[in-house]
Engineer: 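Could you have a look at this structure, given as structure tokens, before my questions?
Proteins come first, then strands; the chains are lettered A, B, ... in the order of their sequence lines, and each starts at number 1. Only a predicted model underlies this, so the values are computations on that prediction, with no experimental measurement involved. We use all heavy atoms of the structure for the numbers below, so side chains are in, but hydrogens, waters and symmetry mates are not.
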Protein chains: 2
Amino acid sequence: MTTSPSAALATFASQLRYEDIPAPVLRRAEDLLLDTLASILAGAGARPVQIMADYAQTMGPADGPSEILVNRRRSTPLFAAMVNAASAHVVEQDDVHNGSVFHPAAVIFPPALAVAQALGLSGKDVLTAAVAGYEVGIRIGEFLGRSHYKIFHTTATVGTLAAAVTVGRLLKLDPEAMLNALGSAGTQSAGLWEFLRDAADSKQLHTAHAVAAGITAAYLARDGFTGARQILEGPQGLAAGMSSDADPKRLTDRLGQRWALAETSFKYHASCRHTHPAADALQAVMREHHLQADDIASIEALVHQGALDVLGPVTNPATVHQSKFSMGTVLGLIALKGRAGLAEFDAALADPAMASWRERTTMSLDEEVDQAYPQRWIGKVKVRTTDGRELSAKVEEPKGDPGNTLSRAEIEAKMRSLGVYGGAARAEELQNLIDTVWNLTERPTVGVLLPA
Amino acid sequence: MTTSPSAALATFASQLRYEDIPAPVLRRAEDLLLDTLASILAGAGARPVQIMADYAQTMGPADGPSEILVNRRRSTPLFAAMVNAASAHVVEQDDVHNGSVFHPAAVIFPPALAVAQALGLSGKDVLTAAVAGYEVGIRIGEFLGRSHYKIFHTTATVGTLAAAVTVGRLLKLDPEAMLNALGSAGTQSAGLWEFLRDAADSKQLHTAHAVAAGITAAYLARDGFTGARQILEGPQGLAAGMSSDADPKRLTDRLGQRWALAETSFKYHASCRHTHPAADALQAVMREHHLQADDIASIEALVHQGALDVLGPVTNPATVHQSKFSMGTVLGLIALKGRAGLAEFDAALADPAMASWRERTTMSLDEEVDQAYPQRWIGKVKVRTTDGRELSAKVEEPKGDPGNTLSRAEIEAKMRSLGVYGGAARAEELQNLIDTVWNLTERPTVGVLLPA
């Protein structure tokens with residue numbers, strides 16, 4: 001075995017043991033799993049997800065060991081993971097790792113659960129495999145750099161490799177076989193941003209393709225199918241073809257010491273991430289000064305340039321999706337409802353009160369906020385009250401980022417909200433799911449999460 | 001509908017009718033289909049193909065409407081096409097289009113057959129769909145250019161799109177849905193040459209992945225799943241990410257008038273293509289002068305520089321695969337056996353007579369041959385006979401290229417040789433298969449090709 005970066009990653013992923021992972025990282029992995037299940041259930045009603053579920057029925061077996069969570073059917077791990085992964089990314093509430101611009105959960109937990117269910121593996125196995133997938137995937141995303149992300153959807157491209165590593169760990173691949181799995185996954189790595197221009201459904205295909213390719217790569221490697229040994233850094237490998245600023249040092253950055261999984265952010269509000277810092281600051285100023293919505297005459301959100309670029313054009317949103325890019329709508333929901341979740345956005349579009357909140361809200365560029373970006377997303381607002389006071393608040397890190405992460409109560413609340421949104425589960429089932437995840441390490445086999 | 005190149009290709013593929021296709025193109029499509037079936041059967045015994053077949057059994061249903069030709073099992077079109085496509089490329093005897101450096105057959109006929117079997121479609125439907133796949137795929141390969149081929153395996157990357165178009169035509173997608181299928185296929189486009197460095201099994205994965213991605217794209221599009229509308233030429237599309245010399249004009253080059261399918265070459269000898277011109281020239285000189293092997297004292301092959309680069313180092317082949325790159329072995333087989341097929345190479349490695357043929361054979365650079373390359377692959381040899389004569393021959397185009405294509409008798413002979421090689425079929429079954437293909441247009445449904 002050489003000591004190439006690819007080989008080092010394969011060896012790390014193959015040899016990672018549950019006992020090696022610090023407890024806070026394991027607990028965060030459980031948080032991320034529950035958060036992902038919430039996103040999968042929330043996407044269940046979406047048209048692209050339904051089409052993918054139909055496709056699974058057309059091409060896959062009628063039954064199997066693995067749950068398709070969105071429709072309570074069962075299939076082989078391949079199809080269960082494909083449909084669940086397609087659903088995980090729909091409501092855009094899944095996690096993100098800022099440095100790699102990679103959404104790991106959507107491509108790691110669906111195959112982890114599906115394969116563990118098929119092989120009768122334990123909760124600890126799932127967590128260990130997911131951590132391996134996060135650590136390898138995030139480092140590959142960082143390695144591929146900004147030039148990659150300009151054209152390629154990193155969650156799609158890196159997703160094949162993260163999924164392969166996760167499944168490879170569950171299949172107990174040795175370092176050599178894990179390297180073959182990386183090779184076979186990397187040579188299937190794909191996903192272009194071009195679909196954004198047409199608001200096409202490709203994001204759901206990207207996560208489904210990534211987990212399908214990753215599962216295929218890992219299962220083939222288990223049976224002796226070989227792959228390129230330096231698929232990441234080789235002269236005709238992933239970076240050679242799809243990056244111009246790749247940095248191989250990032251691939252093995254403090255492997256086993258730095259836990260990249262714990263650096264991922266949860267998404268708390270159901271809106272564009274650029275609105276989150278101001279939303280958090282508004283919540284802070286209202287809490288501190290005991291303000292009600294009626295007390296607020298106007299709001300000035302102090303933002304970074306990127307927020308002005310993305311949100312500025314949205315003055316009169318015509319769709320629910322667009323309203324999530326309207327700072328006035330987001331802050332209006334925070335002021336009126338105390339939260340900006342999926343259901344609030346659905347109702348807001350037809351609510352005439354929202355127009356007045358868009359009129360009361362302005363954005364302006366703030367030097368401190370802009371200079372800190374993108375390393376830190378500072379939130380600042382100024383509020384003028386109806387009785388003439390000028391109040392302000394500052395939030396150093398938006399809710400959900402590693403330094404201001406969600407409590408388990410907040411994750412549970414998000415689960416209860418998202419879990420019923422797509423009509424895929426009832427409240428008592430969600431409570432069972434919550435209990436299952438918090439006690440995952442005690443389950444000798446993962447078993448069924450949502451009985452039919 | 002815009003008139004972007006992507007839209008023009010989608011419209012062409014959607015609206016192509018059997019009646020629009022010239023008869024010689026249809027006959028050539030039948031030739032290519034039989035040639036592909038030969039390659040699929042020849043690869044049946046290969047380890048990577050067996051692993052892929054096992055994977056299909058693990059993830060797919062136990063039965064289905066589509067034939068896995070290599071093991072006589074049945075499955076859904078997805079898995080049947082994956083395994084057959086993996087097998088089609090193993091013995092490297094499948095077709096090639098020189099200008100696009102694309103091997104269309106391996107990624108077009110497996111999904112065409114599997115989907116037609118599943119949907120109960122006719123032989124004419126299969127031919128029409130295959131022609132659509134060839135015309136679109138070859139043009140996309142030409143569009144992506146040489147820079148793409150340096151890093152990416154065009155048969156893998158373009159294969160997703162060619163397969164999607166082929167299946168989309170069988171699904172009778174309208175132009176809008178076909179454009180969505182292109183979008184979904186292109187965003188799954190993948191396949192890196194890095195595996196060559198390690199002689200890894202990725203070539204078989206590449207064709208399997210291409211057909212799986214293409215089938216998925218087409219079936220999703222049928223049900224309304226949308227994709228990018230300019231996945232090929234858009235600013236974050238395939239060429240933007242994976243080519244630096246893409247030429248959009250190539251995409252729509254004489255659509256409906258130029259039939260690129262008829263430009264593809266068959267592979268006649270089972271050796272590196274660089275040996276073929278000299279092999280053909282040796283056959284010519286032996287035929288013309290009624291030479292037997294014993295009459296030949298020495299052979300000088302007059303070649304282009306690329307042949308010297310690739311074949312020159314192979315002086316004493318240690319494996320069957322390497323012997324296919326040994327000019328002396330190839331010309332020795334032609335002299336002794338009259339052919340250089342798969343079985344001849346398997347036997348040649350242990351045959352002590354071959355060493356003397358390698359000693360009798362030399363290569364030298366020929367100015368005329370070298371200047372014509374790569375547009376034309378001229379074959380020239382000089383033979384010195386044991387009775388002291390100096391004889392020579394020149395072949396303008398190697399056997400199998402469009403201007404010197406295989407007769408149906410030659411294709412049948414190739415089929416009989418390859419078809420039994422992998423142990424996947426018996427001689428009488430091959431005759432049935434030959435009859436089926438030559439009468440394909442009369443079949444109202446494709447039906448079963450190789451009964452269990």
Side-chain angles (χ1 to χ4, degrees), chain A residues 47-48 51-52 54-55 58-62 76-79 150-153 156 160 180 183-184 186-202 204-206 208-209 212-213 215-217 219-220 223-231 234-238 240-242, chain B residues 47-48 51-52 54-55 58-62 76-79 150-153 156 160 180 183-184 186-202 204-206 208-209 212-213 215-217 219-220 223-231 234-238 240-242:
Chain A
R47 180 184 49 79
I51 296 174
M52 192 67 75
D54 289 346
Y55 180 68
T58 302
M59 294 299 173
T76 50
L78 179 69
F79 294 100
K150 278 187 186 168
I151 307 281
F152 295 96
H153 180 198
T160 64
N180 283 324
S184 288
T187 207
Q188 298 178 80
S189 184
L192 297 157
W193 278 126
E194 182 63 25
F195 76 91
L196 279 182
R197 219 166 306 278
D198 308 304
D201 298 328
S202 306
Q204 280 64 65
L205 176 58
H206 285 178
H209 173 263
I215 288 171
T216 302
Y219 273 79
L220 292 180
D223 293 346
F225 199 97
T226 61
R229 302 180 66 85
Q230 297 197 52
I231 196 65
Q236 289 169 304
L238 200 55
M242 297 155 76
Chain B
R47 181 185 47 81
I51 296 174
M52 192 68 76
D54 289 347
Y55 180 68
T58 301
M59 294 299 173
T76 50
L78 178 69
F79 293 100
K150 278 187 187 169
I151 307 280
F152 295 97
H153 180 198
T160 65
N180 284 323
S184 288
T187 208
Q188 298 178 81
S189 184
L192 296 157
W193 279 126
E194 181 63 26
F195 76 91
L196 279 184
R197 219 167 306 278
D198 309 303
D201 297 328
S202 307
Q204 281 64 65
L205 176 59
H206 285 178
H209 173 263
I215 289 172
T216 302
Y219 272 79
L220 293 179
D223 292 347
F225 199 98
T226 61
R229 301 179 68 83
Q230 297 197 53
I231 197 66
Q236 290 170 303
L238 200 55
M242 295 155 76

Engineer: Okay, side chain of A:T226, backbone of B:A200: is any donor-acceptor separation there less than 3.5 Å?
Structural biologist: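 Side chain of A:T226 to backbone of B:A200, a donor-acceptor pair under 3.5 Å: no, none is there.
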
Engineer: Give, as side chain, backbone, both or neither, the part of A:L196 having an atom under 4.5 angstrom from any heavy atom of chain B.
Structural biologist: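 It is neither, since no heavy atom gets under 4.5 Å.
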
Engineer: At a heavy-atom separation under 4.5 Å, does A:H206 approach chain B through its side chain, its backbone, both, or neither?
Structural biologist: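 Contact with chain B: side chain only.
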
Engineer: Who among A:M242, A:M52, A:Q236 has the most heavy-atom pairs with chain B under 4.5 Å?
Structural biologist: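 Looking at each of A:M242, A:M52, A:Q236 in turn, A:Q236 comes out on top.
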
Engineer: Kindly compute the distance separating OG (B:S184) from CZ (A:F195), expressed to the nearest 0.5 Å.
Structural biologist: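 So the gap between those two atoms works out to 10.5 Å.
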
Engineer: Go through A:A212, A:P77, A:A208, A:G183 and name the one with the most non-hydrogen pairs under 4.5 angstrom from chain B.
Structural biologist: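 Winner by heavy-atom pair count: A:P77.
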
Engineer: With heavy-atom distances below 4.5 Å as the criterion, would you say the side chains of B:T187 and A:L205 are in contact?
Structural biologist: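 The answer is yes; the side chains approach within 4.5 Å.
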
Engineer: Could you measure the distance from the NE2 atom of B:H209 to the NE2 atom of A:H209? Nearest 0.5 Å is fine.
Structural biologist: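 Here the interatomic distance stands at 2.5 Å.
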
Engineer: To the nearest 0.5 Å, what is the distance between CG on A:D223 and CD1 on B:I51?
Structural biologist: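 Between atom CG of A:D223 and atom CD1 of B:I51 there are 6.0 Å.
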
Engineer: Parallel, tilted or perpendicular: which describes the rings of B:Y55 and A:Y219, with under 30° parallel and over 60° perpendicular?
Structural biologist: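 The arrangement is tilted - the two ring planes meet at 30° to 60°.
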
Engineer: With no hydrogens and no angle check, do the side chains of B:R197 and A:Q230 hold a donor and an acceptor under 3.5 Å apart?
Structural biologist: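 Per modelled atom types, B:R197 and A:Q230 side chains form no pair under 3.5 Å.
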
Engineer: How many angstroms lie between atom CG of B:N180 and atom CG of A:D201, to the nearest 0.5 angstrom?
Structural biologist: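 B:N180 atom CG to A:D201 atom CG measures 8.0 Å (nearest 0.5 Å).
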
Engineer: With respect to chain A, which residue among B:S202, B:G234, B:G237 yields the maximal number of heavy-atom pairs within a distance under 4.5 Å?
Structural biologist: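 Of B:S202, B:G234, B:G237, B:G237 has the most heavy-atom pairs under 4.5 Å with chain A.
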
Engineer: Picking from B:A199, B:G191, B:G186, which has the most non-hydrogen pairs under 4.5 angstrom with chain A?
Structural biologist: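 The option with the most such pairs is B:G191.
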
Engineer: So which residue, B:A62, B:G241, B:G60, ends up with the most heavy-atom pairs under 4.5 Å with chain A?
Structural biologist: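 Highest number of heavy-atom pairs under 4.5 Å: B:G241.
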
Engineer: Could you look at A:F225 and say if it's the side chain, the backbone, both or neither that has a heavy atom under 4.5 Å from chain B?
Structural biologist: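 For A:F225, backbone and side chain are both near chain B.
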
Engineer: Pick whichever of A:P235, A:A240, A:A156 has the most heavy-atom pairs under 4.5 Å with chain B.
Structural biologist: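 Between A:P235, A:A240, A:A156, the count favours A:P235.
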
Engineer: Just so I understand: if I count every heavy-atom pair under 4.5 Å between each of A:D54, A:I231, A:T58, A:T216 and chain B, which residue has the most?
Structural biologist: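 Maximum pair count with chain B is reached by A:T216.
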
Engineer: Could you go through the side chain to side chain contact (heavy atoms under 4.5 Å, CB included) check for A:M59 and B:I215 one step at a time?
Structural biologist: CA-CA 10 Å; A:M59 294 299 173; B:I215 289 172; 3.7 Å; yes

